[in-house]
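Note sheet for the following structure.
A, B, ... follow the sequence lines: proteins, then strands. Residue 1 opens every chain.
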2 protein chains.
Amino acid sequence: MASTTTTKAGAPFIREVFDSVLRRRLFYTPSFEIYGGVSGLYDYGPPGCALQANVVDAWRKHFVLEEDMLEVDCTMLTPHEVLKTSGHVDKFADWMCKDPKTGEIFRADHLVEEVLESRLKGDKEARGEKVEDKEDPKKKKKKVKEITAVKLDDSVIAEYENVLAQIDNYNGEELGQLMVKYDIRNPATRNQLLPPVAFNLMFQTAIGPSSNMPGYLRPETAQGQFLTFQKLLDFNQQQMPFASASIGKSFRNEISPRSGLLRVREFLMAEIEHFVDPEGGKKHPRFNDVRHVELELLNRDVQLSGKTTVQTTPIGEAVEKGIVDNETLGYFLARIQLFLLKIGVDPKKIRFRQHMANEMAHYAADCWDAELLTSYGWIECVGCADRSAYDLTVHMNKTGAPLLVRERRAEPLKVEEWQIDLDKKKFGPRFKKDGKTIEAAVEALTQELREKLSIDLKNEGKITVEVPNVGDGKVELDKELINIEKRTRVENTREYTPNVIEPSFGIGRILYCLMEHSYWIRPDDQDEARGVLSFPPTVAPTKVLLVPLSTHPDFASPIQQLSLKLRKRGISNRVDDSSASIGKRYARNDELGTPLGITVDFESLQNGTYTLRDRDSTKQVRASEAEILAAIKSLCDGEEDWAAVSARLPAFEGQQVE
Amino acid sequence: MASTTTTKAGAPFIREVFDSVLRRRLFYTPSFEIYGGVSGLYDYGPPGCALQANVVDAWRKHFVLEEDMLEVDCTMLTPHEVLKTSGHVDKFADWMCKDPKTGEIFRADHLVEEVLESRLKGDKEARGEKVEDKEDPKKKKKKVKEITAVKLDDSVIAEYENVLAQIDNYNGEELGQLMVKYDIRNPATRNQLLPPVAFNLMFQTAIGPSSNMPGYLRPETAQGQFLTFQKLLDFNQQQMPFASASIGKSFRNEISPRSGLLRVREFLMAEIEHFVDPEGGKKHPRFNDVRHVELELLNRDVQLSGKTTVQTTPIGEAVEKGIVDNETLGYFLARIQLFLLKIGVDPKKIRFRQHMANEMAHYAADCWDAELLTSYGWIECVGCADRSAYDLTVHMNKTGAPLLVRERRAEPLKVEEWQIDLDKKKFGPRFKKDGKTIEAAVEALTQELREKLSIDLKNEGKITVEVPNVGDGKVELDKELINIEKRTRVENTREYTPNVIEPSFGIGRILYCLMEHSYWIRPDDQDEARGVLSFPPTVAPTKVLLVPLSTHPDFASPIQQLSLKLRKRGISNRVDDSSASIGKRYARNDELGTPLGITVDFESLQNGTYTLRDRDSTKQVRASEAEILAAIKSLCDGEEDWAAVSARLPAFEGQQVE
């Protein structure tokens, strides 16, 4: 599906080189590496951690602050009952197959995908075509031993391609059938595998010392927000619509995690639950602000036809044409794209893909993913689901808590309905302990039944009502006990369960894609090629590198002064006063994504002016300390870009600092 | 130990009123409340969540940014082996007692403490003295049914008081003995309890689908930092000392959590691991900056003598006198206090208490806690432990990873030592497969043994070496095979395992104490008393309240403009355009801790000036929009206080907005 990716500079992206930069510079590192590591667990080192904090900060400003969302922080530990009700205990699972001889475990959909893809590659090899390698070739060959140059029938190729386009749409039984049909086995041993079984992806634990309260680590931050709905609505003084938001870790006990930072067992999420009235077309008051934003859309029908062609569509048009269901969903798709662009994602590597029916989570009525293109293919980074009233309804039904909105009607509503009057005083003496059960069964009768029974009552003077667990399950009630009449009821209040639109961000995945999109290699005449991570100043881990031109002690004090002044303004900076050449010192920090550099040279000591260097262009300007500090602040706050700064401050061509 | 606490305004602190404010305004709420709740789990609502984010931000600036720490983000899921090595599997436990008849479980130390305290109260009642109630009296009586007015012997009172002063110093056996000696039973049933057993406080889970990798939720963020030590040292270009830092959730499966937000099962920590050379007295380069800072110290000896008297001591003096062990520990104690004061903790309610020997965590060589005074007594909020080389050593021994510092010696070190030369070519033919084992045993011989054996070799031409698992465990080596000689070796490099000073912050506890310290009640002539939370502007959840004087539509646009301008500057704000009186609107936001308020009145519409109100004094100034915005920015950045702002901007006495 994916073509070979290229860097910002247009050169081919080589993942091994890129990944070695990330590790060497401690953007991330496998957790517990000195103990052999645990697959699917990674730590962020200082630059990764700072990048993460800055992206989270940008997220909070873009969504929580700018849209007045109610941010909450709920626990990760979650008791069994909550996740049983939400459906996660029964349905939050992947399909796994076991090799009965070796005990090895595979994730079924991934295995089918890999084997079919490798057969298609084998076919291309057999036909003498060039094989595109989106995966690390060494690893691929080791993982799937089936790549052999075997030519396939054209009809088989078409079948395989059709299966691959819908790979996310199969359930366990269907995956099992595919494995039989296409003879898919353990690639290493060629053993036949057992049929797929569901494996629940939640980490289980026990809360408290007596082990009688089973619990899980939350699989999403959403449930805590739903359970607090009523209090949040109160906090918001009953105003609808409103959104809550939460930033925190969630957990997924992946069957066999790989793909590095993209498929991990513990991950940072940022989730929004926007609560909206289901009536009136789910309009959004600020939809006009984003109506013009163009998105690359890949809808459900296109995928089901076996294609992956995107269509560039302004979100206003997409909602009008019904491609995207409603304004609120559309509003958030556009806002998601604006956020991704703000933090530096490559605009040419974003698309929005609609989920197919079987692919959707059990709670979703519709879902679009923001996918980012990487060397691993298109990666789901933000899900934007319409969870309808699913969650609030199941929790309300289970607990009886009123997770709903009560709204005064502008016009009172008149409802014609069949009402039942019971002479409750006579119920006790007549039915003894069954009285309450019978009352409840009668109150629960539908309008249809009530109408029918009212005729029976009129005609026969008595009716028969089904009441499970009482006598033979049928109870006779006569006119003395019951009356059924059609009356008009006036409703001044409207009660409804809000629908939920949920933009859900995988921060770790976004960080990885952002790093891939930001990476390029600066050609160099003199020595080896130099990696650069072109993060925007707003999210870059360190904002400014401070380099003295000389190791002479006179330079120490002005450098320390500058560092302190930047820190006071909340601008992170690093001093490199090593004896390496200025060019080398800048190169080291290009690799860390540091966007700006100040050189303190001999002229600085005399007249207090400094040069400011832009990482991407390596151009420099020279100005007074005050002007340099102001320019840095403005660049880091995202108020100006380098073009603006270099247009107003004098260029400097003095040192060779590329 | 604690006297009844008072609010900022000097009035008695009534916890029930305070707690109802926190819950009503959604600072926090019990997690899963609609499911009946889970003890020890709480969620933060919007104001609590914002307060937390601001305190974390202040922490990051005060420590990470200002001291150039290396922040990392490690996983919470931790495999068994790591926590087995660190000692947590064996030693991270509390003592619990079971009532064999009811199955009820008690934390042994808490039970002893409660029962003895309630007996002391009963004694005071019997003597007709006033009983101080630091606990909610209703709850207390329900919890411990033993409060009956029984007079105790003076010697018994002294014994009880002595036990209580050392309550944290007993192990399980000693607690069991105390329970027998003082006949401490289940207060509700009077049943005798089983002897205390250790209950491990970690939440256990299984990583991956095959259940063969047991793991835990981390009990502290520290271990991840230790395991990454070598990489961090590389990242820091081998410079020592340096500190890593981490902010994240940790977990503790409390036996029977209570005390609300103070004892919870999932909590946010911020931990620093400062790595320092153990030689040279653990000096700190910036100690002079804090030498003058005065701390209230309660050292170990005072507590062991059964007292809790603090001594106000400048940290410089405390280190000189050896009360605090070294400069680095002292530096952090002072920095901790400066941080607590910066976020608004009451300076009269801080003390630093040294741990007693048995109380210390298994890894600690010394430990001081910053404790804050609350209505629950003195609460440990920051621990500052000297973990010596404990953790790095155990992990290095277990994994063989070089968790140490290699440093070029200024002066090469000359070491006289007994060296062994083996003729390895002859080892194979002579000993066959045992050759390697024997070699290893010889290389491992101590200097003492080598000296002794060199004499044997000289005298007898052969020696006997113990080699377990080879033959009868003794191996003879003659002159042809071995030579032992005293020589001088020159060491250019020094290798050492750094010691770790660890300031560890319980952010949730700090937030709770901060809220207690900030709370007071404004006397009011007209209606009921009004609660105020006097957070400093830097950490307040919402910075500015915007109130239009009238609901006239002309006010809508300037209010929205102001809100937008504040948001662009990153300043959170809330509009209250309800029809309530200005005074009432301010009162509502005093309770949320909003420090500043802008009133838009008719004059504002005409000349663009606004009034700015200070929450604590309720004083107002009036100035142009630009001046008001600048003043707000300066107050929120902590650059100016209200006194400074009100001194330079004209006072306004117009409206009644108290």
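- Contacts between A/Leu232 and chain B at a heavy-atom distance below 4.5 Å involve backbone atoms as well as side-chain atoms.
- Annotation: maximal heavy-atom pairing with chain B below 4.5 Å, among A/Pro46, A/Gly248, A/Gly103, occurs at A/Pro46.
- Taken to the nearest 0.5 Å, the NZ atom of B/Lys84 stands 8.5 Å off from the OH atom of B/Tyr216.
- Heavy atoms closer than 4.5 Å to chain A are found in both the backbone and the side chain of B/Thr205.
- With respect to chain A, the highest number of heavy-atom pairs below 4.5 Å among B/Lys98, B/Arg24, B/Lys249, B/Lys568 belongs to B/Lys249.
- Residue B/Tyr42 touches chain A through its backbone alone, counting heavy-atom pairs closer than 4.5 Å.
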Next item on the list: Tell me, with the steps shown, if B/Asp289 and B/Arg286 meet salt bridge (charged side-chain N to carboxylate O under 4.0 Å, His left out).
Entry: CA-CA 6 Å; B/Asp289 298 354; B/Arg286 294 167 74 175; 3.8 Å; yes
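- Only the side chain of A/Asp68 comes within less than 4.5 Å of a heavy atom in chain B; its backbone stays farther off.
- Here the CE-CG distance, from B/Met202 to B/Leu217, works out to 10.0 Å after rounding to the nearest 0.5 Å.
- The contact between A/Phe203 and chain B is made by backbone and side chain atoms together, counting heavy-atom distances below 4.5 Å.
- Partners of B/Ala198 by side chain to side chain contact (heavy atoms under 4.5 Å, CB included), not counting sequence neighbours, listed by chain and number: B/Ala93, B/Trp95.
- The OG atom of A/Ser246 sits 12.0 Å away from atom CG of A/Leu70, with the distance rounded to the nearest 0.5 Å.
- Taken from CZ in B/Phe226 to OG in B/Ser244, the straight-line distance is 7.5 Å, to the nearest 0.5 Å.
- In this structure, chain B has a heavy atom under 4.5 Å from the side chain of A/Ile105, while its backbone stays farther away.
- The side chain to side chain contact (heavy atoms under 4.5 Å, CB included) search around B/Ser31 returns A/Thr75, B/Leu41, B/Asp43, not counting sequence neighbours.
- Chain B forms the most heavy-atom pairs under 4.5 Å with one residue out of A/Val72, A/Asp73, A/Thr399, and that residue is A/Asp73.
- Seen from the ring of A/Phe32, B/Arg218 does not count as a face-on cation partner, given the 6.0 Å and 45° thresholds.
- At a 4.5 Å heavy-atom cutoff, the contact between A/Ala53 and chain B is made by side-chain atoms alone.
- Under the 6.0 Å cut-off for aromatic ring centres, B/His395 and B/Phe229 do not qualify, their centroids lying 6.0 Å or more apart.
- Contact annotation for B/Glu81: both backbone and side-chain heavy atoms come within less than 4.5 Å of a heavy atom of chain A.
- Separating the CG atom in B/Leu51 from the OG1 atom in B/Thr542 is a distance of 10.5 Å, to the nearest 0.5 Å.
- Most heavy-atom pairs under 4.5 Å with chain A, from the set B/Met76, B/Glu66, B/Glu254, B/Met396: that is B/Met76.
- With hydrogens and angles left out, the side-chain atoms of A/Ser578 and A/Arg588 include a donor and acceptor closer than 3.5 Å.
- The greatest number of non-hydrogen atom pairs below 4.5 Å with chain A, out of B/Glu639, B/Glu33, B/Gln223, is found for B/Glu33.
- Most heavy-atom pairs under 4.5 Å with chain A, from the set B/Ser563, B/Pro79, B/Gly45: that is B/Pro79.
- Among A/Thr29, A/Ile34, A/Leu227, the residue making the largest number of heavy-atom pairs under 4.5 Å with chain B is A/Ile34.
- Across B/Leu403, B/Thr85, B/Leu201, B/Asp234, the residue that shares the most heavy-atom pairs under 4.5 angstrom with chain A is B/Thr85.
- Of the listed residues B/Val82, B/Asp637, B/Ile255, B/Asn200, the one with more heavy-atom pairs under 4.5 angstrom with chain A than any other is B/Val82.
- In this structure, A/Arg574 is positioned above the aromatic face of B/Phe235, its NZ or CZ under 6.0 Å from the six-membered ring centre and within 45° of the axis.
- Interface remark: A/Tyr28 contributes no atoms to any contact with chain B (heavy atom separation under 4.5 Å).
- With a threshold of 4.5 angstrom between heavy atoms, B/Lys398 approaches chain A through side-chain atoms but not through N, CA, C or O.
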